[in-house]
**Q** 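Here it is: the structure, laid out below.
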Amino acid sequence: QVQLAESGGGSVQAGGSLRLSCAASGFTGNFYAMGWFRQAPGKEREGLASVRTAFGSTEYADSVKGRFTISQDNTKRAVYLQMNSLKPEDTAMYYCAATLTYYEGRVPLSQHEYNYWGQGTQVTVSS
């Protein structure tokens, strides 16, 4: 069965950087897309960045555009999220997700479009 494992979370001061990693196991095929989401207490899960694995095309939420960068490795079963210029409002649990569903060429960024989820890694940004 597909499993996703995130790592790289932690505590940083505002303006700092973190790099999150996510590796898939239990699957040797190709996902249609992989993405990063976050959820703060009392808020809905928010899509941050996603990549269509076959072509490397990406999609970003406006809230992180220009600060966060998603990338994938050569296997296309691992993704990374480079987070720069972190703000206290970036504090949340960060989740990796993957989908096998075909979305006709677009890069999905809604949580409802993803089938597989990791357990999450906590990111805390202090002011």
Side-chain angles (χ1 to χ4, degrees):
Q1 63 184 34
V2 176
Q3 291 187 321
L4 302 175
E6 304 97 335
S7 61
S11 297
V12 294
Q13 290 192 327
S17 299
L18 281 174
R19 185 175 188 250
L20 305 183
S21 300
C22 171
S25 61
F27 180 68
T28 57
N30 295 313
F31 295 111
Y32 176 83
M34 297 184 74
W36 287 97
F37 296 75
R38 69 184 178 192
Q39 188 167 20
K43 295 189 176 182
E44 289 192 1
R45 190 167 295 189
E46 173 190 17
L48 303 176
S50 55
V51 57
R52 190 180 172 197
T53 60
F55 300 103
S57 46
T58 57
E59 185 72 23
Y60 290 93
D62 289 342
S63 58
V64 303
K65 202 172 292 185
R67 298 190 300 126
F68 292 9
T69 302
I70 189 170
S71 59
Q72 60 178 343
D73 75 350
N74 289 337
T75 68
K76 301 180 181 179
R77 288 190 290 277
V79 289
Y80 310 94
L81 187 68
Q82 178 66 41
M83 305 186 295
N84 298 329
S85 303
L86 283 163
K87 307 174 183 179
E89 51 264 44
D90 293 319
T91 295
M93 185 70 78
Y94 283 67
Y95 298 91
C96 173
T99 182
L100 296 172
T101 303
Y102 180 72
Y103 287 102
E104 299 182 345
R106 67 180 179 85
V107 188
L109 197 53
S110 167
Q111 61 170 320
H112 304 294
E113 296 174 312
Y114 284 81
N115 311 112
Y116 304 101
W117 293 86
Q119 295 297 309
T121 185
Q122 178 68 38
V123 171
T124 302
V125 185
S126 58
S127 57

**Q** Side chain of N115, backbone of L100: donor and acceptor closer than 3.5 Å?
**A** yes
**Q** So do the side chains of T91 and Q122 get within less than 4.5 Å of each other, counting heavy atoms only?
**A** yes
**Q** Do R19 and L81 have side chains that get closer than 4.5 Å, going by heavy atoms?
**A** no
**Q** Using ring pair (Phe, Tyr, Trp, His ring centres under 6.0 Å) as the criterion, point out the one residue from F55, Y102, Y116 that pairs with Y32.
**A**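 Testing Y32 for a ring pair (Phe, Tyr, Trp, His ring centres under 6.0 Å) against F55, Y102, Y116 leaves exactly one candidate, Y102.
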**Q** To check you understand the geometry: which heavy-atom pair defines the closest contact between Y114 and G35, and what is its length?
**A** CE2-N, 3.9 Å
**Q** Give a yes or no on whether M34 and Y103 share a hydrophobic cluster (residues Ile, Leu, Val, Met, Phe, Trp, Tyr; joining criterion: side-chain heavy atoms under 4.5 Å apart).
**A**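 As far as the 4.5 Å side-chain criterion goes, Y103 and M34 are not connected within one cluster.
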**Q** Under a 4.0 Å threshold between the charged nitrogen and the carboxylate oxygen, would K87 count as salt-bridged to D90?
**A**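 No.
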**Q** Taking the side chain from T121 and the backbone from G9, do they hold a donor-acceptor pair closer than 3.5 Å?
**A** yes
**Q** Could you report the tightest heavy-atom contact between C22 and L4, atom names first, then the distance?
**A**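 Looking at all heavy atoms of both residues, the closest pair is SG-CB, 4.1 Å.
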**Q** Any donor-acceptor pair under 3.5 Å linking the side chain of R77 with the backbone of T28?
**A**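 Flag set: sc R77 to bb T28 pair under 3.5 Å.
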**Q** Rounded to the nearest 0.5 Å, what's the gap from OH on Y60 to OG1 on T69? Could you check?
**A** 4.5 Å
**Q** Using modelled atom types and a 3.5 Å cut-off, is there a donor and acceptor pairing between side-chain atoms of R67 and backbone atoms of S85?
**A**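 Checked: pair present.
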**Q** Test of understanding: clusters of I, L, V, M, F, W, Y form through side-chain heavy atoms closer than 4.5 Å, transitively. Do L48 and V51 belong to the same one?
**A** yes
**Q** Hey, do the aromatic rings of Y80 and W36 have their centres closer than 6.0 Å?
**A** no
**Q** Report yes or no: do V12 and L20 belong to one cluster of Ile/Leu/Val/Met/Phe/Trp/Tyr joined by side chain heavy-atom distances under 4.5 Å?
**A** yes
**Q** Is the backbone of C96 close enough, under 3.5 Å, to the side chain of E6 for a donor and an acceptor to pair up by distance?
**A**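 Here the side-chain-to-backbone pair exists.
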**Q** How close do V79 and Q72 get, counting heavy atoms only, and between which atoms?
**A**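 V79 and Q72 have their closest heavy atoms at CG1-CB, 4.1 Å.
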**Q** Can you confirm whether the side chains of S71 and Q82 place a donor and an acceptor under 3.5 Å from each other?
**A**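 Their side chains do not contain a donor-acceptor pair, so the 3.5 Å distance test is not met.
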**Q** Where do S127 and P88 come nearest, in terms of heavy atoms and distance?
**A**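 Looking at all heavy atoms of both residues, the shortest contact is CB-CG, 3.9 Å.
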**Q** Do the ring planes of Y94 and F68 sit parallel (below 30°), tilted (30 to 60°) or perpendicular (above 60°)?
**A**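 It falls in the tilted class, 30° to 60°.
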**Q** Checking side-chain contact (heavy atoms from CB on, under 4.5 Å) against V123, which of M83, R38, M93 comes through?
**A** M83
**Q** Could you check if a side-chain atom of W117 sits within less than 4.5 angstrom of a side-chain atom of Q3, using non-hydrogen atoms only?
**A**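 Counting from C-beta outward, W117 and Q3 never come under 4.5 Å.
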**Q** Got a sec: does the CD of Q119 have more than 12 other heavy atoms crowding it under 6.0 Å?
**A** no
**Q** Any side-chain heavy atom of V107 within less than 4.5 Å of one from T58?
**A** no
**Q** Answer yes if the side chains of N84 and S17 hold a donor-acceptor pair under 3.5 Å, and no otherwise.
**A** yes
**Q** Can you confirm if the NZ or CZ of R45 lies within 45° of the ring axis of Y95 and under 6.0 Å from the centre of its six-membered ring?
**A** yes
**Q** To the closest 0.5 Å, what do you measure between CD (E89) and CG (L86)?
**A**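 Answer for the CD-CG pair, E89 versus L86, is 10.0 Å.
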**Q** Would you sort out whether S63 and E46 count as a side chain to side chain donor-acceptor pair (under 3.5 Å), showing the intermediate values?
**A** CA-CA 10 Å; S63 58; E46 173 190 17; 2.9 Å; yes
**Q** Before accepting this row, confirm whether a basic side-chain N of the pair R106/E113 lies closer than 4.0 Å to the acidic partner's carboxylate O.
**A** yes
